[in-house]
Every structure is written in structure tokens, then in C-alpha cells.
Amino acid sequence: MLGRRITEVILRRDNLRFPFPDEFASRITGRSVDSIRRRAKYLLLNLDDGRIILSHLGMSGRYTLFDSEKVKQFETTKNEVSRFGSATGFEGRHDHVEFRFDDGSVAVYTDPRRFGIMDLIEVGEEQIHPLLESLGPEPFGDWSAKQLAKKLQNKTTNIKVALLDQRVVVGVGNIYACEALHRSGIHPQRQSKTLVRKDGKPTKKLQRLHENVVQVLEQAVEVGGSSLNDFADVNGTLGYFGHHFQAYDREDQPCLQANCGGTIERITQSGRSTFLCPRCQR
DNA sequence: CAAAGTTCCTGCGAGC
DNA sequence: TGCTCGCAGGAACTTT
């Protein structure tokens with residue numbers, strides 16, 4: 001999408017999780033995409049008029065890109081079966097938005113559950129956007145164990161729930177919270193503040209957790225994300241991180257930590273599944 | 001029945 | 001007593 005001019009936007013419904021902003025299509029038609037950034041799990045597409053398309057994939061959203069060749073093919077054959085899985089070319093049941101570009105390519109936003117978000121940020125309003133304003137630090141930025149300790153020092157909340165709190169650190173979802181805690185040997189139900197020393201400095205375990213959060217996310221990105229069902233990149237390539245799970249979705253299977261010999265358990269915390277090894281996670 | 005995300009609401013208890 | 005805050009849990013959104 002980068003560097004291309006939007007020639008047409010087709011909305012197949014009036015909302016995802018929230019209604020599309022007023023005149024969304026007309027306000028972005030004719031604009032070109034100057035740069036693309038990410039903040040937490042939000043995508044930000046900077047347009048040439050200073051406005052920003054804000055997008056979130058929710059649980060099941062995906063963008064699929066079709067080059068002009070592919071687009072021509074679809075338009076001539078009306079072929080609805082493609083190698084893109086649920087993004088069945090154009091007009092699949094869950095293809096909600098189509099961005100058409102000046103070079104003939106098309107980006108399709110597909111989202112069966114419609115937990116995703118699409119909004120248009122007006123010039124200068126990025127800092128005050130309600131979805132962005134209370135986000136915590138980026139794990140790949142200058143985030144430190146010290147910073148994490150500060151956020152957790154008075155928290156009685158379970159550490160797993162704290163990791164999922166986007167005010168503590170952004171980008172850690174349910175899978176990666178489970179994996180990072182498992183690698184760190186920390187019990188998910190442990191009170192957050194017990195990982196911080198009285199003087200406010202991180203304990204050894206919290207330092208490990210900080211390192212492992214970054215490591216888990218880096219590895220997941222490297223192999224293209226987690227395909228629990230069908231996470232795919234813009235070319236339809238499936239993510240591979242699922243093959244690297246050591247705890248998540250492994251209930252009743254042996255713990256893979258060296259010399260542990262424990263068995264992975266599944267519990268529920270705040271309505272979310274947590275997988276842990278009660279033997280090596282304390 | 002459970003699911004990868006996020007926000008909002010309610011009810012409860014602690015502390016001032 | 002009343003107020004605020006933090007926290008836990010649940011609901012909501014929807015389809016597979």
C-alpha cells in the first residue's frame with residue numbers, strides 16, 4: 001500500500017467493531033499512503049493530507065494484497081476460489097473493505113468476527129485519540145526491566161493479567177503472555193508486586209520476564225506470527241510460531257523445560273485461558 | 001464450548 | 001459515613 005494512491009474505497013458494511021467514520025471512503029479517496037507505522041497492535045497509515053488511517057485486526061482480521069495481475073484475473077474469471085483461504089478474492093463473505101490503488105492493485109480487509117477497527121484520525125489528533133492515549137511502552141523500544149518494575153510495584157493483580165494490560169506494556173497478547181511466563185519460570189497467578197523488590201528495583205525473575213517478553217515477540221515476528229487457525233500475512237502466507245509453543249494450547253502435555261518433567265495445565269484468568277507448568281512456574 | 005483483542009461496567013473491599 | 005481507588009470478573013462485539 002506504501003506509496004500508492006487510493007482511487008476507490010468500497011465498504012461492504014457500515015461498521016466493524018465500531019461504525020466507520022463519517023465519509024470515510026470519500027475522505028481517503030485520492031490520497032496516497034506516505035508512510036506506514038505501528039503503535040501497539042494498531043496500524044497507522046499516514047496519508048498525504050496529514051490524516052491517518054488507524055486500523056486494528058482484532059482477533060481475526062487480515063489484509064490481503066492483490067497485485068494488478070491478480071486483480072485482472074479475478075475480474076475476468078470471477079473466480080471465487082483462491083489460495084488466500086477465507087479471503088476469497090473479492091466479495092468473500094467476510095471481506096468488508098476494499099482499497100483500490102492507482103497501480104491497479106487492491107488491498108482487501110477480511111474479518112470474520114469483526115473485532116477489528118478502522119478509523120480516520122484528523123490532522124494533529126493522534127496524541128488525543130482515545131484508543132492510543134493510554135498505551136504503555138513498546139517492547140521493542142527503550143523498554144526496560146526497571147520500567148516494568150515501576151508499573152508493577154504496587155499491583156496486586158496477577159502477573160499474567162498485568163502483562164495483557166496494554167497500559168503496562170503493549171503488544172503482548174494471550175499466547176505470548178503464557179509463553180513468556182513459562183520461559184521465565186513465573187506462575188501466572190503470582191501477584192505482580194512480588195516480582196519487584198522493596199526498593200522498586202526488578203527482581204531477577206522480573207528481569208528474566210522482561211527479556212523473555214522481548215524474545216518471544218521477536219521470535220514470533222521472525223517466523224511470521226502465530227497461526228492458531230489461519231493467521232496469515234498480506235500474501236496469504238501462514239505464520240509459523242504455533243510450532244514454537246512450549247505452553248500455549250498444550251494442556252496435559254509434558255513441560256518442555258529442561259529437566260522439569262511437569263505437565264502443562266490450563267486455568268482461566270479474567271475469562272482467558274492460561275497454560276502453565278505448575279512444577280517449574282513459581 | 002472455545003477462540004487470537006479491547007473496552008466498559010459492576011460489585012466489593014481497603015484506606016483515608 | 002462517604003468517597004475514591006484498585007481489582008476481579010463478566011459482558012459486549014461475532015463467526016467458525
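Chain identifiers are assigned alphabetically (A, B, ...) following the order of the sequence lines, protein sequences preceding nucleic acid strands; residue numbering begins at 1 within each chain.
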Can you check side chain to side chain contact (heavy atoms under 4.5 Å, CB included) on A:R37 and A:I52, steps first, answer last?
CA-CA 10 Å; A:R37 293 172 291 147; A:I52 300 166; 3.6 Å; yes
Just one of A:H94, A:H96, A:E98 clears the side-chain hydrogen bond (donor to acceptor under 3.5 Å, both in side chains) bar with A:R12, so which one?
A:E98
Pick base, sugar-phosphate or nothing for A:Q269, based on heavy-atom distances below 4.0 Å to the nucleic acid.
nothing
Over how many whole Å does the gap from A:D165 atom CG to C:dG9 atom P extend?
15 Å
In terms of relative ring orientation, are A:W143 and A:H210 parallel, tilted or perpendicular, with 30° and 60° separating the classes?
tilted
Say whether A:D67 and A:S105, considering side chains only, have a donor N or O and an acceptor N or O under 3.5 Å apart.
no
Please report, rounded to the nearest Å, how far the C1' atom of B:dT6 is from the CZ atom of A:R272.
9 Å
How do A:R113 and A:Y42 order along DNA chain B: which one's closest nucleotide is nearer the 5' end?
A:R113
Taking 4.0 Å as the cut-off, does a side-chain nitrogen or oxygen of A:H56 come that near to OP1 or OP2 on B:dG5?
no
More than 12 foreign heavy atoms under 6.0 Å from CD of A:E133: is that the case here?
yes
C:dT15, C:dC7, B:dT6: which one has an atom nearest the side-chain heavy atoms of A:K155?
C:dC7
Looking only at the side chain of A:R17 (C-beta and beyond, no hydrogens), which of the listed nucleotides C:dG9, B:dG5, C:dC7 gets closest?
B:dG5
Contact class for A:R114 vs. all strands (heavy atom < 4.0 Å): base, sugar-phosphate, or nothing?
sugar-phosphate
Measuring to OP1 and OP2 of C:dT16, would you say a side-chain N or O of A:H94 lies under 4.0 angstrom away?
yes
Could you state the atom-to-atom distance from CG of A:L54 to P of B:dG5 in whole Å?
17 Å
Provide, to the nearest angstrom, the distance between the CG atom belonging to A:N154 and the P atom belonging to C:dC7.
8 Å
Measure the distance from CD1 on A:I117 to C1' on C:dA12 and round it to the nearest whole Å.
13 Å
Could you please name the option among C:dT15, B:dA3, C:dC7 that lies closest to any side-chain atom of A:R266?
B:dA3
C:dC13 P sits how many Å from A:L131 CG, rounded?
18 Å
Nearest to side-chain heavy atoms of A:Q166, which nucleotide of B:dT6, C:dT16, C:dA8:
B:dT6
Can a side chain N or O of A:T157 be found less than 4.0 Å away from OP1 or OP2 on C:dA8?
yes
Determine the contact category for A:G173: base if any of its heavy atoms lies under 4.0 Å from a base atom, sugar-phosphate if only primed atoms, P, OP1 or OP2 are that close, otherwise nothing.
sugar-phosphate
What distance, rounded to whole Å, do you find between the two P atoms, one in C:dG10 and one in B:dC1?
15 Å
Pairing partner of B:dA14, by Watson-Crick or G-U wobble and under 3.5 Å for both distances, is C:dT4
For the pair A:K72 (side chain) and A:G104 (backbone), establish whether a donor and an acceptor sit closer than 3.5 Å, ignoring hydrogens and angles.
no
Mind checking if A:D111 touches a base, just sugar-phosphate, or nothing, with heavy atoms under 4.0 Å?
nothing
Does the aromatic ring of A:F115 sit over the six-membered base ring of C:dC13, closer than 5.5 Å centre to centre and tilted less than 30°?
yes
Does C:dC7 have OP1 or OP2 sitting under 4.0 Å from an N or O in the side chain of A:T156?
yes
Mind checking if A:R167 touches a base, just sugar-phosphate, or nothing, with heavy atoms under 4.0 Å?
nothing
